[in-house]
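Quick note: residue numbers are just sequence positions, from 1.
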Amino acid sequence: MNYLKSGIWISVLLMSVVLLSGCLNRETPAEKMYTVLENVVEAEKEFEEQQTPLVQLEKQEQELYDQIIALSMKEFEEIQSLSDEALSSAAQREEHMEAEKQSIDASKEEFQKIPEIIDEIEEEELKSEAQQLYDTMMERYDLHDTLYAQYSEALNNDKKLYELFKTEDLTLDQLEEQITMINESYEQVLQTNEDFNEKTANYNDIKLSFYQAAGLEVDTGEDDQE
């Protein structure tokens, strides 16, 4: 076997941009928004915690894959053993992805409190910025839904590949077809992940601008970095 899976599915989620957090306690409409937005940050802590183990598992599977394709069919038992390890790793990735999805869902549930607060804002300019903040975040949630679906499909394709490796009469055509499918899946994942990161960065910028426009003093942790 000498078909190499291209290194597409490496570190795709480690690079996910996280939400900007600040520090404050008050109760005008803008300050109510602040409370909700910081609760959203807290809800996504679990999301952040999934990134490193996901990348580690991806790298582990790549190493197992490299070991498998270096073997001949005379070493079929070892191929089966390594394939089982890869399947176990893929199952762990699935668990981390589910934990990530639950974190984002909790974030979205908290964020849904924002529209009723926007209605309380009297200053039209500030209301408009708050609406832009809301729309941007909802687009971000939609992108994560897409990312989750695409990553889940790619992960299932990986598992199918590991099962194929355990088939003694596996043909090169079958192997090449599955690897092509995997690479195409992860190309989609990478593109959506890039869009998700960009949307998160946009949200953070609008959020900080909203805080400033509302006269809210927040500590972003980015002072004295210029």
Side-chain angles (χ1 to χ4, degrees), residues 1-18 44-107 142-198 200:
M1 302 177 185
N2 59 0
Y3 285 90
L4 291 176
K5 181 163 57 172
S6 62
I8 283 176
W9 48 293
I10 296 176
S11 305
V12 293
L13 296 183
L14 181 65
M15 298 173 64
S16 292
V17 179
V18 296
E44 292 199 16
K45 292 295 185 185
E46 184 73 13
F47 163 77
E48 297 173 35
E49 292 171 2
Q50 307 311 310
Q51 309 310 304
T52 297
L54 270 170
V55 172
Q56 290 173 340
L57 289 166
E58 288 172 357
K59 289 181 177 179
Q60 175 180 304
E61 284 174 51
Q62 184 66 52
E63 291 170 1
L64 289 168
Y65 171 85
D66 291 341
Q67 292 177 49
I68 291 170
I69 64 171
L71 298 173
S72 70
M73 292 306 292
K74 294 179 181 178
E75 300 163 294
F76 186 62
E77 287 187 7
E78 187 172 354
I79 290 174
Q80 288 182 310
S81 177
L82 291 170
S83 298
D84 284 336
E85 286 186 48
L87 283 165
S88 176
S89 177
Q92 292 177 61
R93 273 201 290 148
E94 194 166 19
E95 291 177 4
H96 286 293
M97 278 300 297
E98 290 303 321
E100 178 181 299
K101 181 68 162 58
Q102 289 175 14
S103 176
I104 293 293
D105 286 348
S107 165
D142 288 343
L143 280 169
H144 189 271
D145 286 343
T146 301
L147 181 61
Y148 171 79
Q150 290 174 341
Y151 192 90
S152 296
E153 180 180 355
L155 192 150
N156 284 332
N157 285 334
D158 284 332
K159 291 193 288 187
K160 289 177 182 177
L161 176 65
Y162 306 146
E163 291 289 356
L164 279 176
F165 280 138
K166 296 168 64 177
T167 305
E168 200 160 6
D169 58 353
L170 172 64
T171 67
L172 290 178
D173 284 344
Q174 287 176 310
L175 180 58
E176 186 176 32
E177 181 181 355
Q178 187 63 27
I179 290 172
T180 298
M181 192 178 301
I182 287 170
N183 289 338
E184 289 175 352
S185 295
Y186 280 105
E187 284 174 358
Q188 293 179 337
V189 168
L190 283 173
Q191 181 57 60
T192 304
N193 189 70
E194 183 178 332
D195 294 341
F196 175 80
N197 287 342
E198 183 177 352
T200 302

At their closest point, which heavy atom of [X] faces which heavy atom of [Y], and how far apart are they?
X: E163; Y: L87; value: OE2-CD1, 3.4 Å
X: V189; Y: A154; value: CG2-CB, 4.3 Å
X: D195; Y: L143; value: O-CD1, 3.6 Å

### Task
Output every pair passing salt bridge (charged side-chain N to carboxylate O under 4.0 Å, His left out) with a member in residues 79-91, not counting sequence neighbours, ordered by first then second residue.
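Qualifying pairs: D84-K166.
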Within this structure, what is the [atom1]-[atom2] distance for the pair [X] and [Y], rounded to the nearest 0.5 Å?
X: K45; Y: E49; atom1: NZ; atom2: CD; value: 8.5 Å
X: F196; Y: I104; atom1: CZ; atom2: CD1; value: 5.0 Å
X: Q174; Y: D169; atom1: CD; atom2: CG; value: 7.0 Å
X: Q150; Y: Q191; atom1: CD; atom2: CD; value: 9.5 Å
X: T52; Y: L57; atom1: OG1; atom2: CG; value: 11.0 Å

Exercise: do [X] and [Y] side chains pair donor with acceptor under 3.5 Å:
X: Y151; Y: E94; answer: no
X: E44; Y: S107; answer: yes
X: Q50; Y: E46; answer: yes

### Query
Looking at N193, D158, N157, which hits side chain to side chain donor-acceptor pair (under 3.5 Å) with Y186?
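Exactly one option meets the side chain to side chain donor-acceptor pair (under 3.5 Å) with Y186, and it is D158.
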Acceptor/donor pairs from residues 74-83 side chains to any protein atom, 3.5 angstrom cut, sequence neighbours excluded:
from: E75; atom 1: OE1; to: S72; atom 2: N; distance (Å): 3.1
from: S83; atom 1: OG; to: I79; atom 2: O; distance (Å): 2.8

### Task
Please step through side-chain hydrogen bond (donor to acceptor under 3.5 Å, both in side chains) for the pair E61 and Y162, ending with a clear verdict.
CA-CA 10 Å; E61 284 174 51; Y162 306 146; 2.7 Å; yes
### Task
Under the side-chain contact (heavy atoms from CB on, under 4.5 Å) rule, what do Y65 and L161 come out as? Steps first, then yes or no, please.
CA-CA 10 Å; Y65 171 85; L161 176 65; 3.8 Å; yes
### Task
Kindly check if the number of other-residue, nucleotide or ligand heavy atoms within 6.0 Å of CD (Q67) is above 12?
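Atom CD in Q67 is packed in, count exceeds 12.
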### Query
Is the H144 ring parallel, tilted or perpendicular to the F47 ring (thresholds 30°, 60°)?
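Correct class here is perpendicular.
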